[in-house]
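Just so you know, these numbers use all the heavy atoms, side chains as well, and skip hydrogens, waters and symmetry mates.
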Amino acid sequence: MILIFYEILSIPFRISFEFEISEELSTAITIIFLLDIAVTFNTAVWIKGSINYHYSVIFRQYIKLWFWLDILASFPYDMVKNKTIIIRS
């Protein structure tokens, strides 16, 4: 939760003032958010009044909506952009 608040506050600041944080911190935050996706795939879901631990059910529930939102929010766009620039050089 702390990382989410950090991102909410730092992204507008970085965009507005062209301020860059350390690449190590940015990479660490991205890795933590991507690990959260893996953890969510292993978290039981509540369906029709009972907890379900079956991976196939968890996968279907997560992939319906939240997975796509998490991927859009967690995808390392800046890392991909930087790697593309380096490869083209």
Side-chain angles (χ1 to χ4, degrees):
M1 189 61 89
I2 293 171
L3 289 177
I4 293 172
F5 286 125
Y6 171 78
E7 289 289 310
I8 288 170
L9 296 173
S10 71
I11 289 173
F13 183 77
R14 291 188 318 227
I15 291 171
S16 299
F17 300 108
E18 296 180 7
F19 178 77
E20 292 296 324
I21 61 170
S22 70
E23 191 169 326
E24 293 83 13
L25 179 60
S26 177
T27 302
I29 291 170
T30 300
I31 289 170
I32 290 170
F33 284 139
L34 292 174
L35 284 173
D36 179 59
I37 292 173
V39 168
T40 304
F41 270 118
N42 292 294
T43 303
V45 292
W46 185 266
I47 300 176
K48 297 179 183 176
S50 65
I51 296 177
N52 197 319
Y53 296 99
H54 299 319
Y55 287 114
S56 60
V57 175
I58 295 168
F59 177 81
R60 282 192 305 253
Q61 286 294 318
Y62 186 47
I63 210 81
K64 283 181 185 177
L65 174 66
W66 289 109
F67 172 76
W68 304 109
L69 295 173
D70 285 346
I71 282 292
L72 284 173
S74 301
F75 189 79
Y77 298 103
D78 55 337
M79 291 178 195
V80 172
K81 178 184 159 193
N82 291 342
K83 295 294 182 192
T84 305
I85 291 171
I86 291 171
I87 290 172
R88 288 185 183 179
S89 299

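- In the hydrophobic cluster analysis, where Ile, Leu, Val, Met, Phe, Trp and Tyr join through side-chain heavy atoms closer than 4.5 angstrom, Leu3 is grouped together with Ile8.
- Note: the hydrophobic cluster containing Leu69 also contains Ile71 (ILVMFWY, side chain heavy atoms under 4.5 Å, direct or indirect links).
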Side chains of residues 30-45: which donor-acceptor pairs under 3.5 Å do they make with residues two or more places apart or in other chains?
{"unit_1": "Thr30", "atom_1": "OG1", "unit_2": "Ser26", "atom_2": "O", "d": "3.0"}
{"unit_1": "Thr40", "atom_1": "OG1", "unit_2": "Asp36", "atom_2": "O", "d": "2.8"}
{"unit_1": "Asn42", "atom_1": "ND2", "unit_2": "Ala38", "atom_2": "O", "d": "2.9"}
{"unit_1": "Thr43", "atom_1": "OG1", "unit_2": "Val39", "atom_2": "O", "d": "2.8"}

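- The structure places CD1 of Ile15 at 9.0 Å from OG of Ser10, a figure rounded to the nearest 0.5 Å.
- Between Leu72 and Tyr77 the shortest side-chain heavy-atom distance falls below 4.5 Å.
- The number of heavy-atom neighbours closer than 6.0 Å to CZ of Phe5, taken from other residues, nucleotides and ligands shown, is 12 or below.
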Run Val57 and Ile47 through side chain to side chain contact (heavy atoms under 4.5 Å, CB included) and show every step you take. CA-CA 9 Å; Val57 175; Ile47 300 176; 3.3 Å; yes
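- Taking CH2 of Trp68 as the reference point, atom OH of Tyr62 lies at 10.5 Å (rounded to 0.5 Å).
- When side chains are defined from C-beta on, Tyr6 does not count as touching Ile11, because their heavy atoms never get closer than 4.5 Å.
- One hydrophobic cluster, built from ILVMFWY side chains closer than 4.5 Å, cannot hold both Tyr55 and Ile63; they sit in different ones.
- Through direct or indirect side-chain contacts shorter than 4.5 Å among Ile, Leu, Val, Met, Phe, Trp and Tyr, Ile51 is connected to Trp46, Tyr53.
- The 12-atom threshold is exceeded at CD of Glu7, counting heavy atoms of other residues, nucleotides or ligands nearer than 6.0 Å.
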